[in-house]
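Here the structure is a predicted model, which is why all the values come from computation and not from measurement. In what follows, chains carry the letters A, B, and so on, assigned in the order in which the sequence lines appear, proteins first and then strands, with residues in each chain numbered from 1.
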Protein chains: 2
Amino acid sequence: MPISPGPFTGRTITGLAQDLRAGRTTATELVMQALDAVTKLDPQLNAFVTVDHDGALAAARRADHELAAGTDRGPLHGVPVGVKDLIDVAGLPATMGSRHYAGHVPAADAACVIRLRRAGAIVVGKTTTHEFAYGPTGDRSANGPSRNPHDPERMTGGSSGGSAAAVAAGMVPLALGTDTGGSVRIPAALCGIAGFKPAYGAISADGVFPLSRTFDHVGVLAGDVRDCLPAYRALTESQLREDVSGARMAWLDPAGLNPAGLIQVDQRVTDLVRTASGARDEVRLPAEVVTALRETYLVIQSCEAAAVHAARLARAPELFGPELLERLRVAAELPGWRYVQAMDGRARLAASVGALFERHDVIALPTVPITAPPLQEPETEPDGEPGAWRGTVRATLLSMTSLWNVVGLPALTVPAGTVDGLPVGLQLVCRPGRELLLFEAAAHLPEKAPSTPGPAAP
Amino acid sequence: MPISPGPFTGRTITGLAQDLRAGRTTATELVMQALDAVTKLDPQLNAFVTVDHDGALAAARRADHELAAGTDRGPLHGVPVGVKDLIDVAGLPATMGSRHYAGHVPAADAACVIRLRRAGAIVVGKTTTHEFAYGPTGDRSANGPSRNPHDPERMTGGSSGGSAAAVAAGMVPLALGTDTGGSVRIPAALCGIAGFKPAYGAISADGVFPLSRTFDHVGVLAGDVRDCLPAYRALTESQLREDVSGARMAWLDPAGLNPAGLIQVDQRVTDLVRTASGARDEVRLPAEVVTALRETYLVIQSCEAAAVHAARLARAPELFGPELLERLRVAAELPGWRYVQAMDGRARLAASVGALFERHDVIALPTVPITAPPLQEPETEPDGEPGAWRGTVRATLLSMTSLWNVVGLPALTVPAGTVDGLPVGLQLVCRPGRELLLFEAAAHLPEKAPSTPGPAAP
């Protein structure tokens, strides 16, 4: 059964900004609403690891004083945000979703948090992450699984599952996440909100615990897609090309992203998303390019993650969850020559993917080709093959998103309707520098597609 | 017994250039002298894999016509050169020292060969390389071992062993080599000539068969150190800082580069080289930095070499020599996370090595801490440990040179005298951009140090 809407459900950052400046609300009131909602809703959703009650209220009072004194930091001024527990916030625990970091309190803010605070945003707390962000399901964490507001017995997706649940339940209007293979976009799509993964490097990852440095991105999650842009502007130093308009969109069919047949694709999801996109043209990626993108993602991510965790793997393997431990042990065995070959092939892959944009600015496809799976599916298949089901779910969840991390392209997910009452996301992808086209395309989608029958979304 | 001097022994490129322009010789005469010397001396030295008799003579005639017509391409105009058989020369076989490339004839010149020809140099032939350049001994090659002109029963060192032997025997005044861990400098030192490995990337490696892309450098070998500079200028697009003088030199003791005690160091070599350098100050590298440099070199080179050869290793392992096959199989097992960690550590290592140059411009040390070992030492030690002796020789030969490849610094070797009649090299290292200081330091060394007793060098 879906969770009741929270105080920020249906409210945009732009609307909050107007209310604040018109004196219809205060930052203190917004933060108190957020804190109350967390108290009320979080026991069912487990979106937060740490809530900074006192710090958030103090920051809200400062924000109110600043506004009253005429200092206006822009659209995020006074807005409560959640920050994924993989991102350092000075003085708050940062667990990385792992028992290895129990009790760890960083002394300094991550670069993206510094920028967020400079823009006037108020950190309400730290959100649940999949253990070390190494998984798209969001249900393996020292903090326990985050739960989907549309059905708490289902996954949020991950790894930024807490950020997605917090926004989707209306506890906060905005949250920070990280995205190495889809970790912003997957939970945003499965929880029915918007999520934006910028171009590689567009938001600094300093102070963010690494998963796979080559693919790690910081991104934003918001209830309304229009809120992703001001949040992104506050977080990046990249210049946006403002002189763009008239995005030419093409559809990339999920069937073409499944050359090995290992991915589940729900045709109802595909049909709903295609209708929602309004795309008439169609483009294709050659099967060998898709296969190479998947191999490149797997090899580079595995080797880089194993490098991050090598010392912990040797010193205290028992502190990892069993699923992650097994995956890291496999990753640690991958030979270096495969990493070298994968890195060498990236320029060629970027050129192959770039060909998609020869006659189009924005590529549309499902963010995830299924709806949110149930939580805590067994680790063993009925036929006894260990972890096969989970392996398939992981591969399916990542199948439409990780491609774009390999080549570092900006990608946005927007809610596209529901199937069986569960949210579905439309993913829009562009070239670096064309982000405004992406947001323009998202703003001019056809009227919301009819959802397939099922319980109503909140 | 040393080989008799060849036609270019004791002659500099500058001298040849003057002779050519004064009409005292012609390019055709120089090339014929080179070809005659190869015919006479190469059966004892095995420096050449392929000799391009007709092509070289035709190029020499063109060079003579150009000079007669007033087209002067500069100091290399009309000068015969040898090119390592790892570097593509259009229309000539390029064996890479391997049976895998028997009969392989590239259609185009490597970038460095294009530049060499533009500067008027004449390619006489291709010189023996250690199999795929993967070894500093120069005695494992499909073409058989190259032999040291100072004692043909001894190694040239490698992998550019043929280039070193060809120049040291006076068959050509100049040769191209490649240097991934010392492959220009080691054979130059052991054969008693000069060799220069520029800064990483200063000479294009396009058209050069890779060993380990991160560390691969193209370099030059010449009988006289003063000839390395005009050759380098012809091959690079890097700008040299001309406004430098008064190099401050410091000594880096070989004992400090042997923290694990696995390297043979001949104290007579050390003493001779230190005297030859005239260095009074001394600098040190912390033992942990030396250890990290060696680990970084081993891991990165192994993974990159295994990536280059993965397909051959799977398809036709029997075409590798047994020593290389075994080394590649070990290299192919190295896990990717070690490669990632090694790559991540490079910036820190560069800073540690950079500290050597805080108060000095040029670091002096032996190029190789021993003289040329005998050829074809057994692969098995008396106590039965397979390959231990060879492993030690490899580690010893590389011990003073590979450090500088890891951080990409320019390094020059100059003859420093002899021990037991066998040549010893003084290595001079600088920061990129300070190459002229390096050559200035080499030109202003103290008078030649007295050699220790032994048979006379040629």
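When ring centroids are compared, Y101(B) and F209(B) come within the 6.0 Å threshold.
With respect to chain B, the highest number of heavy-atom pairs below 4.5 Å among I300(A), V299(A), V340(A), L334(A) belongs to V340(A).
Using modelled atom types and a 3.5 Å distance limit, the side chains of E304(A) and S212(A) yield a donor-acceptor pair. Checking S159(B) against K84(B) by side-chain atom types alone, a donor-acceptor pair falls below 3.5 Å. Side-chain polar atoms of S141(B) and N143(B) form no donor-acceptor pair below 3.5 angstrom. Side-chain N/O atoms of T95(B) and K126(B) include no donor and acceptor closer than 3.5 Å.
A side chain to side chain contact (heavy atoms under 4.5 Å, CB included) with T180(A) holds for exactly one of T401(A), D216(A), T214(A); it is D216(A).
Among the residues in residues 305-315 of chain B, those with a non-hydrogen atom closer than 4.5 angstrom to a non-hydrogen atom of chain A are A306(B), A307(B), A310(B).
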